[in-house]
Amino acid sequence: MIRGDDVTDKPVILWFRQDLRLHDNPALTAAAATGAPIVPVYVLDQGSRVRPRGAASLWWLDKSLRALDAALRDRGSRLILRRGDSETELRRLMAETGADRLYINRQWEPDAAARDSDLAHALKAEGVEVKGWNGSNLMPPGSVLNGSGEPYKVFTPFSKALLAQWTPPPHTLGPRALLTPEDVASDDLDAWGLHPARPDWSTGFDWTPGEAGAISALSRFASGPMADYADGRDHPGRPVTSRLSPYLHFGEVAPWRAVEAARKAAADGKAPVAQAEKFVSEIVWREFSAHLLHHFPHISDHAFRPEYDALPWRDDPKGLKAWTRGLTGYPIVDAGMRQLWTTGWMHNRVRMVVASFLIKHLLIDWREGEKWFWDCLVDADLASNVQNWQWVAGSGADASPYFRIFNPITQGRKFDEDGRYVRRWVPELARLPDRWLHAPWEAPPEVLRDAGVRLGSNYPRPIVEHDAARKRALDALKSVDKVRRDRED
DNA sequence: TTTTGAGTTGTTCGA
DNA sequence: GTCGAACAACTCAAA
């Protein structure tokens, strides 16, 4: 047989986006199976078609791209970096390399999906083969529907339906070797300046981005802390959460690997089934968020329940600033906001408390908080961020009822009962006895003095009073409820 | 079509 | 200190 100038020798472009891993990567597996040379590329596109990444997210991306490049080099390949408009850069790369195939793991966020769809149509019309796989979710968003063919709006039935339909995909190992053309130009990652300088605010970021870090975080979690997950996950001072969220966001581990690890730990007797399934349930919440954003794209910047967009939000720049800086005078809130700023992450329980405080105690639009989280979180994920903020606001699908207003004092006493969390992140209160730690303004003067706390001087007095703020929020939220009832009359 | 049961994470009040 | 009820009905999903 004469091969001649076989078209299969033209390279395949493997466009990495939120799938920065070599194992369990469907697009990579398919690309390797073609036997053709592969051009792995990441395009940094901070343009207008999708929401630009925030600063903490870019910090993570920087390290993750380095890890991916190193893993590819171990296999004789390397990561090609380009910056600019995705379509322009991919067309340029295809022209340079003669590639006529583009393989991707699909992105499900509506804006990214629309961009990809436009790109695929345009390229296909020019004879380019464009293929996509699902590499980021247990089930592709849009594929789980109720008996009437409608999207679920309640978590529990969604979860049951998803887990009933889902079957774990087989493992695929990353290829041992990848052939990549030598002469393809790449940007210099250092020149992208993704790591902060002047000042470097990331010195407290305690993370190992990349696939190896993801696998080790998962196995560490599954072999220990997961056994106490259902209860322990609520206590921010205990190291019981998986801390897998940024790895999942960037696709450094497939979510099905996390589910599999949980179930294997349960089968091996390392964790009770109920504890492992609680963790699986959190993975399914991630699915639910993606599913909701897919079906209801407007929720990225509007309430799922439209009447909530009419809430009489307060314009309060001083309150917002105090919240972002961790200077509200409520220790559990301040601890959370400082953990976020310092480490790029916040414990889930505390995320609810600080979100409830911003929305309900300060009556500030949830979108302000969502924006701040977007910029500060290494795990910033559009679907999850928006869904969770709307859950707290009460404006989302299957959301918290409007009269549920977290009491930051009670939450602190209940979930940070030994004060470990507050003392770590609000050191100026560290010497206060447990009894007063979550409400320092109630402490007798001599207790404050002995602990070195000077309210209004080295730690703020509460910027709002809980009872009054709670009543104000209830009134405002009732007015929303009235809007809805009036409209229905 | 109608009915029925259920619904992530809370707080406050009064007995 | 502990407990149940109220908060406020509503929407969803499935039988």
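Atom set for the values below is all heavy atoms of this structure, side chains included, hydrogens, waters and symmetry mates excluded. Convention: sequence-line order gives letters A, B, ...; per-chain numbering from 1.
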Rounding to an integer number of angstrom, what distance separates [N] and [M] when you compare their [atom1] atoms?
N: B:dG10; M: C:dC12; atom1: P; value: 23 Å
N: B:dA6; M: C:dA8; atom1: P; value: 23 Å
N: C:dA5; M: C:dA9; atom1: C1'; value: 15 Å
N: C:dA13; M: B:dT1; atom1: C1'; value: 15 Å

Please list every donor-acceptor pair under 3.5 Å in which a side-chain atom of residues 309-322 of chain A meets a protein atom from a residue at least two apart or in another chain.
residue: A:Asp309; atom: OD1; partner: A:Ala303; partner atom: N; Å: 3.2
residue: A:Asp309; atom: OD2; partner: A:His302; partner atom: ND1; Å: 3.2
residue: A:Asp309; atom: OD2; partner: A:Ala303; partner atom: N; Å: 3.4
residue: A:Arg314; atom: NH1; partner: A:Asp316; partner atom: OD2; Å: 3.2
residue: A:Arg314; atom: NH1; partner: A:Leu362; partner atom: O; Å: 2.5
residue: A:Arg314; atom: NH2; partner: A:Asp316; partner atom: OD2; Å: 3.2
residue: A:Asp316; atom: OD1; partner: A:Gly319; partner atom: N; Å: 2.8

Pair [X], [Y]: side-chain N/O donor-acceptor within cut-off below 3.5 Å:
X: A:Ser136; Y: A:Gln18; answer: no
X: A:Ser400; Y: A:Trp391; answer: no
X: A:Glu260; Y: A:His171; answer: yes
X: A:Asn134; Y: A:Asn105; answer: no

Run the numbers on A:Lys153 and A:His295 for side-chain hydrogen bond (donor to acceptor under 3.5 Å, both in side chains), then give the verdict. CA-CA 10 Å; A:Lys153 295 167 187 167; A:His295 288 289; over 6 Å; no
What is the distance from CZ of A:Phe296 to P of C:dT11, rounded to the nearest Å?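 It is 14 Å, rounded to the nearest whole Å.
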Interatomic distance where NZ belongs to A:Lys160 and C1' belongs to C:dA15 [whole Å]: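 So the two atoms are 14 Å apart, to the nearest Å.
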Nucleotide range of DNA chain B contacted by chain A, 5' to 3', under 4.0 Å to a heavy atom?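 With heavy atoms of chain A under 4.0 Å away, the range is B:dG7 to B:dT12.
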Tell me every residue that passes salt bridge (Lys or Arg N to Asp or Glu O under 4.0 Å) with A:Asp24, counting only those two or more places apart in sequence or in another chain.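 Salt bridge (Lys or Arg N to Asp or Glu O under 4.0 Å) list for A:Asp24, sorted by chain: A:Arg257.
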Dot-bracket for DNA chain B: what is it, with Watson-Crick or G-U pairs under 3.5 Å, [ ] where a pair crosses earlier ones, and | for a pair to another strand? .||||||..||||||
Is it true that A:Arg423 and A:Asp334 make a salt bridge, defined as a side-chain N closer than 4.0 Å to a carboxylate O?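 Salt bridge absent between A:Arg423 and A:Asp334.
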Looking at A:Lys371 and A:Asp375, does any basic side-chain N land under 4.0 Å from a carboxylate oxygen?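 Judged by the 4.0 Å cut-off on N to carboxylate O distance, A:Lys371 and A:Asp375 do not form a salt bridge.
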Report all side-chain donor-acceptor pairs from residues 221-229 of chain A shorter than 3.5 Å, counting only partners two or more places apart or in another chain.
residue: A:Ser223; atom: OG; partner: A:Ser219; partner atom: O; Å: 2.9
residue: A:Ser223; atom: OG; partner: A:Arg220; partner atom: O; Å: 3.2
residue: A:Tyr229; atom: OH; partner: A:Arg233; partner atom: NE; Å: 3.4

Applying a 4.0 Å non-hydrogen cut-off, can you work out what [X] is touching in the nucleic acid: base, sugar-phosphate, or nothing?
X: A:Lys278; answer: base
X: A:Phe406; answer: sugar-phosphate
X: A:Arg349; answer: base

Is the ring centre of A:Phe357 less than 6.0 Å from the ring centre of A:Phe406?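 No, ring centres 6.0 Å or more apart.
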Could you tell me whether the phosphate oxygens of C:dC7, OP1 or OP2, come under 4.0 Å of any side-chain nitrogen or oxygen in A:Tyr402?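 Answer is no, no contact under 4.0 Å.
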For nucleotides 12-14 of chain C, tabulate all protein N/O to nucleotide N/O atom pairs closer than 3.5 Å, reporting atom names and distance.
residue: C:dA13; atom: OP1; partner: A:Lys153; partner atom: N; Å: 2.4
residue: C:dA13; atom: OP1; partner: A:Val154; partner atom: N; Å: 3.4
residue: C:dA13; atom: OP2; partner: A:Asn146; partner atom: ND2; Å: 3.3
residue: C:dA14; atom: OP1; partner: A:Tyr152; partner atom: OH; Å: 2.9
residue: C:dA14; atom: OP2; partner: A:Gly147; partner atom: N; Å: 3.4

